[in-house]
Amino acid sequence: MATSPMMQQYEAAKATAGDALLLFRMGDFYELFHDDAKLAAKLLGLSLTSRDKGENPVPMAGFPHHQLEQYLAKIVAAGKRAAICEQLEDPKQAKGIVKRDIVRVVSRGTLTDDALLDPQTSNYLAAVRFAGEGETQVGLAWVDISMGRFSATSVDRRAAHDVMTRIDAAEILVADDSSPLPPAWIEGRTITKRPKWDFAIRDAERKLTAHFGTKNLEGFGFTSGETSRDALAIAAAGAVIEYLSETQKTSLEHIDQLHWHSAADSLEIDAATWRSLEITRTLRDGSREGSLLSVLDRTITSMGARLLAEWLAYPLVDAAAIESRLDAVGELIEQTKLAAAIRETLGSIYDIQRLVARVTTGRCGPRDLLFLARTLAALPALKAKLAGRQSALLNGCDERIDLCAELRAKLEAMLADDCPLHARDGGFIRTGADSRLDQFRELTAGGKQWMASYQAAEIERTGISSIKVGFNRVFGYYLEITNTHRDRVPPEYHRKQTLKNAERYITPELKEHEEKVLTAEERGIELELQLFDELRALAATARARLTTTAAALAELDVLAGLAEVARSRGYVRPEITNDSTLVIEAGRHPVVEATEAAGTFVPNDTICSGHEAAEEGESLLLVTGPNMAGKSTYIRQTALLVLMSQVGCYVPARRAIVGIADRLFARVGASDELSRGQSTFMVEMTEAARICNTSTNRSLVVLDEIGRGTSTYDGLSLAWSIAEHLHAIGCRTLFATHYHELTELAERLPRVGCRNVMVREHFGKIVFLHQIVPGSADRSYGIHVARLAGVPSCVTGRAEQILADLEQHGHNASPSASPAASNGKLKSNDRFQLSLFGIETHPVLDEVRAVKIDELRPLDALQLVAKWRASLGD
Ligand code: ADP
Ligand code: MG
């Protein structure tokens, strides 16, 4: 079957679109064909029909053009891409088939539309370039085109994982010959394969310099050349630019810099720590609610919300930089009224970061420009409040905020008080702003008035009461007369159209006016579109100033938000030092405190000093205590307070002295993380290896129940030796463990301290006091708890007897079996599991002996076995 010219046009466009769904514009509809139609029917709930019914029906589905945004949202949310193929000429004027072309490819990582983006989170498109076989370097580049931020780096594979975790890209580009991405990078993201030559280094450099209009990339801190350290980063960045120019087909001037991302500029937080501290998302369900970010975020604008997330992702390591943020927060806490006034003004500010991106890419509408004008209108009041502040950061914000007065005046003069989202229908230029437009409008309105009076006059003249002047798109203006009056129609009426009960006529007079009205309306809209373009271009020339202003506004919002949370929650300013001191008096867990009823959280101290501390002290604290006592909460709270301090945030404590950490490690034991369903003992040990290998005496290490993922014997040995190793490094370490035996380390090693969470009995119930005190847990707390829980006294009594027995046996263990032969030998009940069955008088054994097998029914037998297992604590 011969394909129609239009379907040939479709096929050509589809070939360019590749695996993106092709949305083919036909009149007022976007249509999908073939497999795209089948997929769209399922994905978007469209009904599947067919074109060319007959021998070779073509599957087809479509939706009205004004619903594009809502369908794009669905396509993109499903991880798919959509190529939008528009009609490039007016079908009425086209000779032959209407010209069409793809004007934009939309994917998760390239969104600029406000309606499709989460206002509070950055939206990154990333590219990954692996080095050759056997090499470990990885080139990474990432851009948020809704804001214009573009960064790149070359790192080893492990660091790449950390970087990717924090970027949390929406879409990742990889070469089609690339080795597979680690599964953790893929989780829920759109992966887009690109030809491998997109990642070629020499081409990449050429494309980037062409984009930025620079001779080379040295100005951005990148070294040229195929063998340079930065080659992989440049290759990845080149792939990003290539993809954007291919899919966006518009100006990307707002992406005007490439930042070299250096891990050394911020507190190193690896991927596992990032997740387990629940900084921006919770472990359980990945939601923002319940994360540190959700507690600290009191920002007013979405620009502020995004910046705060970034500050948390990259805490500082430079004392001066931290202090200057703290100074600003402090000043805003003191000047309560000023801070409140600033926050109120921020309420009338729009997301001009994303707005500027839409202005540059030409995707903005009249309402965007109106919002820009309103934002600019709020700036003088803000600047007045910032004038003469003490803190350098607040002064800096003041300096960077540019009023763009001329742009504002122009926008305000031109735009109506209320503007539509889209320019296409006009109606957004203020009356009086342009005399030509006013004339067109008067003509249009006057013309319509004329129609009304013409109708009245004709009724009068002819005596036909049913004459109506109307309008339709095909026939234009007409006089309509019902058939009852047909014989009274005057001769100068020319018949135009016949309806069932009426006839429609035209007169030369009406024709003349029709022309005036129609052209005036059309030309008016045309003129408005032209004026809009001029305004947009004017705003685009202010791009750099607006971007700087937006950054300053975001920063001001974050600082004022941090001041607000500090004030309302009673946080204090941490004292920042350059050694490895850590003193927290009456510290609280910021998130647990916020979720619990006010005043119920029990504050705790943490005093811990690394080998670099001014004063010698304990560097490793072993925290023991029964389940649910508060061990995990306590050690995480310490990690979070250090992180918050380095972000420049006040902290929930009575007092805090924080020596700047270079690296932060936090690990939860395998069993605590089982909900993720992927943590194995191997993962736990890989992470432990990393901590042992990379922490320094400036680091902070928080370990929760390490070694739990294997047998008691194994696990204890590992926990013991890891603790010894960290003690030797001298990093600040908080080690929560249920291996009570570890507390013996305190007797053997000089800088190990023991902490214990208090538990009390109150009227026969166990009460968790959540209070951390020096010393190790009461050894028999397990049996103690069992007694409180109502386990029969014969059983708990027997348990005590067994425990005593075990401790004795433990002493007879052969030295070579000791897990810590090198240093501090283990002595106590580490052999618990093994020796259990060496006891001949175990109550279970007695019961086994007593069973009368012949009389036992199968069900009873099963129940007995279950009971024994339960009593063995299995
Ligand atoms: P563990 O790790 O010792 O099993 P968790 O740290 O998980 O215990 O704490 C158990 C529960 O106790 C938490 O859900 C928390 O709500 C509560 N909790 C912990 N520490 C405190 C505290 N200092 N004040 C009040 N409640 C606390
Ligand atoms: Mg715990």
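It should be emphasised that the depicted structure is a prediction, and the values quoted were computed from it without experimental measurement. As the structure lists them, so they are numbered: ligands from 1, and atoms in each ligand from 1.
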Practice item. Please indicate whether any nitrogen or oxygen in Phe601 is less than 3.5 Å from any nitrogen or oxygen in ligand 1. Key: no
Notebook entry, point to check: Looking at the Mg ion (ligand 2), is one of the N, O or S atoms of Ser632 less than 2.8 Å from it?
Noted result: yes
In ligand 1, the atoms that come under 4.0 Å of a heavy atom of Val602 are 22 (C), 23 (N), 24 (N), 25 (C)
| Going by an N to O cut-off under 4.0 Å, is there a salt bridge joining Glu724 and Arg748? | no
Discussion item. Within the supplied structure, the quantity of interest is the number of heavy atoms (other residues, nucleotides, ligands) at a distance under 6.0 Å from Glu847 CD; does it exceed 12?
Written reply: yes
query = Touching ligand 1 at all, Ala629? Heavy atoms, strictly under 4.0 Å?
reply = yes
Restricting to heavy atoms, the pick from Lys631, His589, His770 nearest atom 25 (C) of ligand 1 would be His770
* Asked: Under 3.5 Å, N or O to N or O, is Val592 touching ligand 1 that way?
  -> no
Only residue of Thr733, Leu620, Leu621 satisfying side chain to side chain contact (heavy atoms under 4.5 Å, CB included) with Val752 is Leu620
Near Pro626 (heavy-atom distance under 4.0 Å), the atoms of ligand 1 are 3 (O)
The atoms of ligand 1 lying under 4.0 Å from a heavy atom of Gly630, numbered in the order shown, are 1 (P), 3 (O), 5 (P), 6 (O), 8 (O), 9 (O), 19 (C), 20 (N)
Any heavy atom of Thr600 under 4.0 Å from ligand 1? The part involved is backbone
TODO: For salt bridge (charged side-chain N to carboxylate O under 4.0 Å, His left out), just list the numbers for Arg166 and Glu310, CA-CA rounded to whole Å, side-chain angles, deciding distance to a tenth of an Å, and then say yes or no.
DONE: CA-CA 9 Å; Arg166 269 185 279 183; Glu310 198 179 306; over 6 Å; no
Of Val591, Thr624, Ile772, Thr633, the one whose closest heavy atom lies nearest atom 9 (O) of ligand 1 is Thr633
Worksheet item: Are the charged groups of Arg158 and Asp270 less than 4.0 angstrom apart, N to O?
Response: no
(message) If the contact criterion is a heavy-atom separation under 4.0 Å, does Pro603 count as touching ligand 1?
(response) no
Numbered in order shown, the ligand 1 atoms found under 4.0 Å of a heavy atom of Glu596 are 16 (O), 25 (C), 26 (N)
